[in-house]
Amino acid sequence: MEERIEARIEAIDQKMLEFFHGIQEFFTLLGRAMLFAFSRPFYWRDLLHQMDDIGWGSLPPVLLTGFFTGMVLSLQTAVQLRIIGAEGLIGNLVGASIIREAGPVLTALMVAGRVSSGIAAELGAMRVTEQIDALQTFGTDPIRKLVTPRILAAMLMLPLITLLANTVAIIGGVIIATVKADIQPDVFIFGVLMSLTKKGFIFKYFPTVALMTIVKPFVFGLIIAWTGCYFGLTTTGGGEGVGKSVTKAMVASFIMILVADFFLTSLLLELFNLLRGYI
């Protein structure tokens, strides 16, 4: 009985050590990748290729998701506001929901489902077929060549993709508000602008758009590429291991995006409240 208890304790200790060692490697990977972004050699061609793959390749599903998300939000908001006779505020609520929350998060989740899993599969296959070992043999650091360009590309492209998704979502909201709630497009757009800030000039809207549409996707892009690269590089066990790495990368990126969204939203709302006194 005592031997079984000791064996279980040792197994738990081993699992805990592996867990914390994995966390250490996880953050070490990010640190090295970021340091390599500011030193030579830098693989510009790989960066441009990844920007094209992450950005252009993700646009169709992201724009489609954004369009119907805007339509659904507008439809649901119209139903609720009709009860109190405030249909004119549809633009305010839809704009705030899309720009501050739904747009960045849904875009990140859609891109994570495609990009994080794709990176994990690609790097995992390279790991199990010893291509990464071959890079090291030829004196090329795999993190510098494979990880840094992917992380930077995701961080650069996610804000642009999110901005496009938000625009398409607002267009979808305008269509539904006009057809279903009989709201004029200019009233809807004015409500969207007023949801960004209380000021009346369009250049005053930039701080909110920058905080919600640039900062959050910037962090989400980092998470997506980071998790995909980590699980891809730590793949073991052949083809079955690649499949497991893909699943782990998707699940981890989804969870990290949602957790990061909560903390970023709390922080950015505090910053926005401070900025409202100056803009």
Side-chain angles (χ1 to χ4, degrees), residues 18-19 21-23 25-34 36-37 43-65 105-138 140-158 160-162 165 217 219-260:
E18 292 177 357
F19 174 75
H21 180 66
I23 292 178
E25 290 185 339
F26 190 56
F27 285 96
T28 300
L29 175 65
L30 177 63
R32 292 186 62 188
M34 290 294 97
F36 288 149
Y43 298 94
W44 291 102
R45 182 173 297 178
D46 292 327
L47 174 62
L48 295 176
H49 173 73
Q50 293 301 323
M51 289 176 66
D52 176 69
D53 181 57
I54 294 172
W56 179 256
S58 300
L59 273 182
V62 167
L63 295 183
L64 190 63
T65 300
V105 173
L106 288 178
T107 299
L109 292 177
M110 290 297 297
V111 174
R114 175 183 177 272
V115 173
S116 185
S117 59
I119 291 175
E122 182 180 3
L123 298 188
M126 294 180 68
R127 170 63 74 186
V128 299
T129 56
E130 300 182 350
Q131 295 181 51
I132 292 178
D133 296 331
L135 286 176
Q136 293 175 317
T137 301
F138 288 109
T140 301
D141 193 309
I143 296 179
R144 183 187 293 273
K145 180 169 178 60
L146 301 176
V147 178
T148 299
R150 285 168 170 80
I151 289 179
L152 293 180
M155 293 170 68
L156 292 173
M157 296 308 298
L158 254 293
L160 297 177
I161 296 173
T162 301
V219 176
F220 294 158
L222 168 64
I223 291 172
I224 290 168
W226 181 17
T227 53
C229 290
Y230 172 76
F231 286 105
L233 291 176
T234 56
T235 299
T236 58
E240 182 180 355
V242 173
K244 291 181 179 179
S245 294
V246 170
T247 302
K248 291 178 181 178
M250 288 183 61
V251 173
S253 60
F254 284 4
I255 293 174
M256 290 181 65
I257 286 170
L258 295 176
V259 172

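Starting from 1, each residue takes its place in the sequence as its number. Quantities reported herein were computed from a predicted structural model and do not represent experimental measurements.
Note: Ile257 CD1 to Leu222 CG = 10.5 Å, rounded to the nearest 0.5 Å. Separating the CE atom in Met155 from the CD1 atom in Ile223 is a distance of 10.5 Å, to the nearest 0.5 Å. A distance of 11.5 Å separates CG of Leu59 from CE of Met110, quoted to the nearest 0.5 Å. We find the CE-CH2 distance between Met157 and Trp56 to be 10.5 Å, quoted to the nearest 0.5 Å. Here the CG-CZ distance, from Leu30 to Phe26, works out to 8.0 Å after rounding to the nearest 0.5 Å. Interatomic distance, Ile224 CD1 to Leu158 CG, rounded to the nearest 0.5 Å: 4.5 Å.
Taking Ile255 as the reference, Val251, Val259 meet the side chain to side chain contact (heavy atoms under 4.5 Å, CB included) condition, with sequence neighbours excluded. For Phe220, there are no ring pair (Phe, Tyr, Trp, His ring centres under 6.0 Å) partners two or more places apart in sequence or in a different chain. With sequence neighbours left out, Asp52 forms a side chain to side chain donor-acceptor pair (under 3.5 Å) with no residue at all. Remark: Phe27 engages Trp226 in a ring pair (Phe, Tyr, Trp, His ring centres under 6.0 Å) (not counting sequence neighbours). For Ser253, the side chain to side chain donor-acceptor pair (under 3.5 Å) test picks out no residue, with sequence neighbours left out. For Ala37, the side chain to side chain contact (heavy atoms under 4.5 Å, CB included) test picks out Thr148, Leu152, with sequence neighbours left out. Under the side chain to side chain donor-acceptor pair (under 3.5 Å) criterion, Thr236 pairs with no residue, sequence neighbours left out. By the salt bridge (Lys or Arg N to Asp or Glu O under 4.0 Å) test, Arg144 is found to be paired with no residue, residues two or more places apart in sequence or in another chain being considered.
Minimum heavy-atom separation, Gln50 to Pro149: CB-O, 4.1 Å. Residues Ala154 and Ile54 share a closest heavy-atom pair of N-CD1, 3.8 Å. Across all their heavy atoms, Phe254 and Leu109 have their closest contact at CE1-O, 3.5 Å. Across all their heavy atoms, Ile151 and Ala33 have their closest contact at CD1-CB, 3.9 Å. Closest approach of Gln131 to Ala125, counting heavy atoms only: NE2-O, 4.5 Å. The nearest pair of heavy atoms linking Lys145 to Asp46 is NZ-OD2, 2.8 Å.
Inter-residue side-chain proximity for Val147 and Arg32 is flagged as unmet; no heavy-atom pair is nearer than 4.5 Å. Under the 4.5 Å side-chain criterion, counting only non-hydrogen atoms from C-beta, Ser245 is not in contact with Thr234. Residues Leu135 and Leu146 form a side-chain contact, since some pair of their non-hydrogen atoms from C-beta on lies under 4.5 Å apart.
Screening residues 247-260 for salt bridge (charged side-chain N to carboxylate O under 4.0 Å, His left out), with sequence neighbours left out, gives no hits. Residue pairs meeting the side-chain hydrogen bond (donor to acceptor under 3.5 Å, both in side chains) criterion with at least one member in residues 107-126, sequence neighbours excluded: Asp53-Arg114, Ser58-Arg114, Ser116-Thr227, Glu122-Arg150. The salt bridge (charged side-chain N to carboxylate O under 4.0 Å, His left out) pairs that include a residue from residues 54-63 number zero, where partners must be two or more places apart or lie in different chains. Pairs of residues two or more places apart, or lying in two chains, that qualify as salt bridge (charged side-chain N to carboxylate O under 4.0 Å, His left out) and include a residue from residues 232-245 are Glu240-Lys244.
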- [ ] Show your working on side-chain contact (heavy atoms from CB on, under 4.5 Å) between Leu258 and Val105 and close with a plain yes or no.
- [x] CA-CA 8 Å; Leu258 295 176; Val105 173; 4.1 Å; yes
